[in-house]
Amino acid sequence: MSQNFITEATVFEEVKKAIAETLNIDKDSITAESSLIKDLGAESLDFLDINYRLEQAFGIKMARHFILEHIEEMFGEGSAIDANSRITDKAVSLLQFRMGENFPELRAGMDMDEVPALVTVQSLTRGVLDILDSLPEKCSACGNSEWQSENSLRIKCGSCQEYAAFTNGDDLIKAWLTKVQEEKKIF
Amino acid sequence: MMKILQGIDIVDISKLKRIIQKNKTFISDIFTEKEREYCESRKDPYIHFAGRFAAKESFMKALGTGFSGIGIDHLFQEIEVLPAPSGKPELHIKGWAEKLAKKRRIRQCTVSISHASDYAVASVILIGN
């Protein structure tokens with residue numbers, strides 16, 4: 001399901017804030033299309049810092065495993081990456097379904113290590129929104145459906161005051177891969 | 001035909017220290033239990049955490065794996081850097097990192113770590129078929 005408590009604009013602003021604080025750059029210089037590596041100069045340690053900031057801001061757990069690893073786990077060795085560390089046609093089809101226009105430079109045969117440069121502010125925003133949209137119908141602590149927003153960043157149960165427990169990033173990817181495979185029969 | 005792959009990385013120790021101190025799960029997400037034991041037994045753990053982080057990153061660069069970007073990449077945990085009895089660091093890989101190394105037919109790897117002032121640096125050389 002989707003949720004209506006935290007808007008895409010709010011998530012986008014929070015992602016920009018996390019990036020600006022991590023990289024010590026002006027928030028206004030960041031656009032939706034900015035590549036974190038190519039345009040903003042982020043390195044792997046910065047990515048970790050940004051992801052941790054977003055986890056703390058929204059009370060979510062981002063994925064711990066690369067989607068390409070999940071694809072190989074579910075559809076077998078060689079389904080996502082070939083012997084030369086290049087991304088397969090089928091994996092690209094899947095990633096295009098998932099990221100859509102957020103990954104316009106994605107192409108079959110590209111090296112795995114080219115993927116991080118494709119991550120933009122918009123794709124990171126989408127990643128956070130996907131997790132927030134896993135908001136369960138009812139509170140897992142008290143069973144009531146009285147969600148409310150706190151500081152426009154956290155979702156809390158109006159009945160027992162517990163924060164919402166979202167599906168983690170890895171489980172969301174796995175559920176999504178299962179659904180797409182059933183619908184599209186890519187593998 | 002033999003192929004040689006190389007990766008190098010430099011880490012700002014103060015920056016890593018700031019991130020570790022701010023995020024409770026960073027150390028357990030990125031470093032294995034044995035790495036944590038080793039680093040925390042040293043006089044200044046952050047120098048050793050930084051050297052290990054640089055070694056993990058160097059391995060990823062040499063192998064050409066990239067990292068996920070959206071999320072906290074578990075690949076860091078799967079590349080373990082521990083001292084051999086001689087004191088020289090060694091890489092131990094498992095999981096997805098091991099699978100990717102097998103795909104590239106890597107049969108040998110070496111790692112070297114150094115640090116000075118506020119920086120730690122590491123270099124990894126992989127030899128494959």
Side-chain angles (χ1 to χ4, degrees), chain A residues 15 22 24 35-37 42-56 61-70 72-73 77-78 80-87 98-99 102 110-120 123-128 130-131 168-170 172-173, chain B residues 3 5 7 9-31 49-50 53-54 56-79 95-106 120 126 128-129:
Chain A
V15 169
T22 298
N24 200 18
S35 156
L36 272 72
I37 290 180
E43 52 186 53
S44 64
L45 197 50
D46 298 317
F47 272 90
L48 292 170
D49 196 8
I50 291 164
N51 276 279
Y52 279 119
R53 285 175 192 266
L54 296 173
E55 285 195 343
Q56 285 171 10
K61 187 163 183 182
M62 305 290 277
R64 260 54 182 168
H65 298 269
F66 208 167
I67 187 167
L68 297 171
E69 182 181 353
H70 282 298
E72 293 236 334
E73 188 76 23
E77 185 103 20
I81 306 290
D82 69 17
N84 295 312
S85 293
R86 293 181 195 279
I87 304 175
R98 181 153 185 87
M99 302 310 295
N102 292 327
M110 72 190 301
D111 283 337
M112 265 184 87
D113 58 4
E114 292 179 69
V115 176
L118 302 183
V119 176
T120 61
S123 53
L124 199 49
T125 301
R126 191 66 251 164
V128 172
D130 282 346
I131 296 177
N168 68 56
D170 288 302
L172 273 182
I173 292 171
Chain B
K3 64 182 172 197
L5 306 167
D9 191 56
I10 186 164
V11 170
D12 180 333
I13 299 169
S14 300
K15 182 173 171 179
L16 182 76
K17 185 175 178 178
R18 271 199 312 275
I19 297 173
I20 287 175
Q21 289 178 334
K22 210 173 51 186
N23 301 289
K24 276 182 266 172
T25 62
F26 183 96
I27 285 188
S28 56
D29 280 336
I30 305 301
F31 300 100
F49 280 127
F53 189 88
K56 289 165 190 268
E57 181 72 24
S58 298
F59 177 86
M60 287 156 75
K61 283 182 182 173
L63 201 57
T65 65
F67 54 91
S68 72
I70 305 175
I72 311 291
D73 207 321
H74 191 255
L75 203 53
F76 289 105
Q77 261 273 350
E78 296 172 349
I79 305 161
W96 177 235
E98 188 181 12
K99 275 188 187 170
L100 293 172
K102 278 185 180 163
K103 276 181 196 283
R104 303 298 297 262
R105 296 183 288 279
I106 300 302
L126 305 176
N129 296 324

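Note that the coordinates shown come from a computational prediction; the quantities given were computed from them, not determined experimentally.
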In terms of heavy-atom contacts, does NZ of B:K3 have more than 12 from other residues, nucleotides or ligands at under 6.0 Å?
yes
Just give me the residue among B:D29, B:D73, B:L100 that pairs up with chain A most often, heavy atom to heavy atom, under 4.5 Å.
B:D29
For A:D170, is it the side chain, the backbone, both, or neither that has a heavy atom closer than 4.5 Å to a heavy atom of chain B?
neither
In terms of heavy-atom pairs under 4.5 Å with chain B, which of A:E69, A:K61, A:Q56, A:H65 leads?
A:E69
For B:I30, which atoms come within 4.5 Å of any heavy atom of chain A: side chain, backbone, both, or neither?
side chain
Among A:L124, A:L45, A:L36, which residue has the highest count of heavy-atom pairs closer than 4.5 Å to chain B?
A:L45
Could you look at A:V115 and say if it's the side chain, the backbone, both or neither that has a heavy atom under 4.5 Å from chain B?
neither
Are the side chains of B:H74 and A:F66 in touch, meaning some heavy atoms are under 4.5 Å apart?
no
The side chain to side chain contact (heavy atoms under 4.5 Å, CB included) partner of A:D49 among B:R18, B:K15, B:K22 is B:K22
What about the rings of B:F26 and A:Y52, do their centers lie closer together than 6.0 Å?
yes
Considering only heavy atoms from C-beta outward, does the side chain of B:F53 approach that of A:L48 to under 4.5 Å?
yes
Nearest 0.5 Å, what's the CD-CZ distance between A:E43 and B:F67?
9.0 Å
Could you tell me whether B:K61 and A:D113 have a side-chain N and a carboxylate O separated by less than 4.0 Å?
no
Looking at chain B, which one of A:M112, A:E73, A:M62 has the largest number of heavy-atom pairs inside 4.5 Å, strictly under?
A:M112
So for A:I50, is it side chain, backbone, both, or neither that comes closer than 4.5 Å to the heavy atoms of chain B?
neither
Could you tell me if B:N23 and A:E55 have a donor-acceptor pair between their side chains, going purely by distance under 3.5 Å?
no
Any non-hydrogen side-chain atom of A:E77 less than 4.5 Å from a side-chain atom of B:K103?
yes
